[in-house]
Protein chains: 2
Amino acid sequence: MTQDNEGPRDLTRTMRLLWRTDGAATRGPKPALDVDRIVTAAIEIADADGLAGLSMRKVADRLGVGTMSLYTYVPAKAELVSLMLDTVDGEGVLPHTVAGSWRAKTESWAREDWSFYHRHEWMLHASGRHPLGPNTMRRFDSALRSLADTGLPEDEIVANADVIDTYIRGMARRSVDFRQREASTGVSEDQWWAEHGPMLETHLTGDRFPAVRRVHDAGAFTSDIDSFEYGLQRILDGIEGRIRTLG
Amino acid sequence: MTQDNEGPRDLTRTMRLLWRTDGAATRGPKPALDVDRIVTAAIEIADADGLAGLSMRKVADRLGVGTMSLYTYVPAKAELVSLMLDTVDGEGVLPHTVAGSWRAKTESWAREDWSFYHRHEWMLHASGRHPLGPNTMRRFDSALRSLADTGLPEDEIVANADVIDTYIRGMARRSVDFRQREASTGVSEDQWWAEHGPMLETHLTGDRFPAVRRVHDAGAFTSDIDSFEYGLQRILDGIEGRIRTLG
DNA sequence: TCCTAACTCAGTACGGCGTACGGGATTGAG
DNA sequence: CTCAATCCCGTACGCCGTACTGAGTTAGGA
């Protein structure tokens with residue numbers, strides 16, 4: 001049961017591709033392509049059209065080769081996505097290189113990843129089942145180094161890294177989904193409320209959703225509070241409290 | 001650009017379906033089906049085979065009707081998923097009905113949703129672009145009510161609800177992805193390390209990933225710390241700190 | 001030098017998907 | 001009774017990932 005977007009099937013082969021531990025072939029014709037060119041082309045397509053707009057045929061067309069030629073370099077689409085993810089993880093500033101306290105480093109990490117996910121929105125729609133490549137590992141390592149100054153036990157450092165990363169991804173996805181909904185329906189939030197507001201009002205004015213109604217009347221939905229920053233500060237506050245407790 | 005899994009196209013129609021504001025037809029043959037039966041069948045399939053295993057043909061087969069008959073009741077697959085999401089959101093305990101402080105209510109909410117997402121894993125793989133239905137709205141309302149006792153300003157209550165919900169979803173997704181990776185490759189984490197460990201060791205023993213290496217040697221990866229609970233407590237601690245600051 | 005194993009390249013084809021279209025059957029309103 | 005509204009659904013189209021197959025190319029070993 002349950003495969004959804006699925007990850008790669010043949011893990012051994014994928015690991016070799018990710019970590020570049022496969023030796024070059026000796027015999028046979030000179031390859032006209034290489035894995036990197038395929039991955040680069042695929043990333044360009046995904047940046048423009050999303051993961052759903054990425055197909056093997058489109059990648060091949062962009063590179064001017066037959067579709068099936070790609071399979072000489074990459075076992076299947078899932079493995080290609082694994083490579084795309086790791087490649088893109090090679091971008092950007094590593095948080096542990098930023099000056100300042102663990103908190104400053106972590107804030108930098110969060111904001112960096114936030115804009116990073118907005119630059120490659122498709123990453124948020126990829127399955128979480130892809131194996132770790134070297135660049136992803138490098139980012140993870142950097143995150144752990146950023147949190148080392150907390151002085152927390154190692155297992156709590158790992159837990160905090162997981163929690164912060166999950167938070168960033170989740171909020172970025174929320175933001176991206178929101179933007180894409182406006183873009184794909186061509187309906188702005190204002191237009192939407194103008195159209196469906198009256199029907200919802202019927203429900204809101206009843207006692208079915210009292211808290212939503214109260215919060216709505218208080219104007220909280222149009223508040224310019226930045227949820228991402230707000231929640232980030234709450235999490236960092238919580239970690240600081242933990243440090244004090246243990247210290 | 002960018003559509004990926006996409007949400008519904010015709011929002012007006014979808015809203016009518018979600019909020020059941022379409023009147024019954026008068027003329028024409030008696031319908032053999034209704035929206036609820038279609039949605040129920042689709043949920044059963046998705047629970048068993050994931051979103052990728054859900055197809056209009058399979059839903060129709062399960063109901064013993066022609067594929068295209070479904071389109072009499074539902075405009076398209078995206079709208080069906082919207083209905084599935086809202087239907088499933090009708091399950092479970094609403095957090096504001098739980099006894100105790102806002103913190104107790106929120107913990108209950110988090111743990112409830114955690115097991116909820118593990119019961120319907122496909123929800124985590126659905127696009128976030130589906131419009132709100134009544135059951136989802138009800139859960140949101142309940143979340144806001146749970147946080148009302150914090151005494152925080154309304155806009156911060158909304159922000160906290162967003163943050164907590166995002167955190168729960170994100171951690172649940174991480175957990176589900178992990179489980180599914182084991183299930184789909186048939187390779188347990190132990191087996192995986194036995195197979196790829198040696199290759200990774202080569203990298204780990206170098207100075208490329210010092211923090212990962214240190215944390216690994218400390219046994220933090222095999223620690224039985226519960227990241228979900230740990231992070232939840234950090235977030236709730238952070239909110240408590242905020243309450244004290246403002247109070 | 002030549003043979004042949006190893007390798008690249010890609011056309012064809014298969015089974016799956018969502019769904020547009022159109023036609024036949026059925027019903028209640030006028 | 002008529003006819004518009006509505007249901008049911010077979011057929012077909014254009015996508016998708018990729019298995020299979022075979023033709024062409026290269027370099028190592030004899």
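No experiment lies behind these values; they were computed from the predicted model shown. Chain letters run A, B, ... following the sequence lines, proteins first, then strands; residues in each count from 1.
- By the 4.0 Å N-to-carboxylate-O rule, B/R174 lies close enough to A/D165 to be salt-bridged with it.
- One can place CE of A/M56 at 14 Å from P of C/dC9, the figure rounded to the nearest angstrom.
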| Do B/R13 and B/E79 pass the salt bridge (charged side-chain N to carboxylate O under 4.0 Å, His left out) test, and can you show the C-alpha distance, the side-chain angles, and the key distance before you say yes or no? | CA-CA 9 Å; B/R13 173 81 193 279; B/E79 283 79 356; over 6 Å; no
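- Rounded to 10 degrees, the angle between the two end axes of the helix from C/dT1-D/dA30 to C/dG30-D/dC1 is 20°, with five pairs used at each end.
- B/R173 has no carboxylate O lying under 4.0 Å from a charged side-chain N of B/E121, or vice versa, which leaves the two without a salt bridge.
- Contact check of residues 28-43 of chain B against DNA chain C (heavy atom, cut-off under 4.0 Å) returns B/G28, B/P29, B/K30.
- Contacts of B/A60 with the nucleic acid, taken as non-hydrogen atoms under 4.0 Å apart, are absent.
- Taking atom CZ of residue A/R27 and atom C1' of nucleotide C/dC9, one finds them 19 Å apart after rounding to whole Å.
- Straight-line distance from the CG atom of A/L70 to the P atom of C/dG11: 12 Å, rounded to whole Å.
- One distance of note links CG of A/L54 with CG of A/D49; it measures 9.0 Å at 0.5 Å rounding.
- Nucleic acid contact for A/L54: sugar-phosphate only, since backbone atoms but no base atoms lie under 4.0 Å from a heavy atom of the residue.
- With distances taken from any side-chain atom of A/R57 to the nucleotides C/dA5, C/dA29, D/dC16, the minimum falls on D/dC16.
- A/T72 OG1 to A/D34 CG: the interatomic distance, rounded to the nearest 0.5 Å, is 12.5 Å.
- No more than 12 heavy atoms of other residues, nucleotides or ligands lie within 6.0 Å of CZ in A/R138, so this atom counts as exposed by the packing criterion.
- Ion pair B/D177/B/R181 not flagged as a salt bridge, since none of the NZ, NE, NH1 or NH2 atoms sits closer than 4.0 Å to an Asp/Glu carboxylate oxygen.
- Within 4.0 Å of B/L80, counting heavy atoms only, lies no atom of the nucleic acid at all.
- Counting only heavy atoms from C-beta on, A/Y73 has its side chain closest to C/dC9 among C/dC9, D/dA5, C/dT19.
- Side-chain atoms of A/S55 lie closest to D/dG17 of the nucleotides C/dT4, D/dG17, C/dG18.
- The side chain of A/Y71 sits closest to D/dT18 out of D/dT18, C/dG18, C/dC7.
- Following rounding to the nearest Å, B/D61 (CG) and C/dG16 (C1') show an atom-to-atom distance of 13 Å.
- Going from atom CD1 of A/I45 over to atom P of D/dC16 covers 10 Å, rounded to whole Å.
- A salt bridge between B/R119 and B/D113 is absent, with no side-chain N of the basic residue lying under 4.0 Å from a carboxylate O of the acidic one.
- The side chain of A/T72 lies closest to C/dT8, out of C/dT8, C/dC17, D/dG17.
- Summarising the geometry, the separation between CG on B/L63 and P on D/dC9 is reported as 11 Å, rounded to the nearest angstrom.
- The residue A/T26 sits close only to the backbone: its heavy atoms come under 4.0 Å of sugar-phosphate atoms, none of a base.
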| message | side-chain contact (heavy atoms from CB on, under 4.5 Å), that's the test. Do B/W109 and B/L94 meet it? Break it down for me. | response | CA-CA 7 Å; B/W109 159 24; B/L94 293 174; over 6 Å; no
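- With a 6.0 Å cutoff to the six-membered ring centre and a 45° limit on the axis angle, A/R139 counts as a cation-pi contact of A/F116.
- Ranking C/dT12, D/dA5, D/dC9 by closeness to the A/M68 side chain, first place goes to C/dT12.
- The NZ-P distance, from A/K77 to C/dG16, rounds to 19 Å in whole Å.
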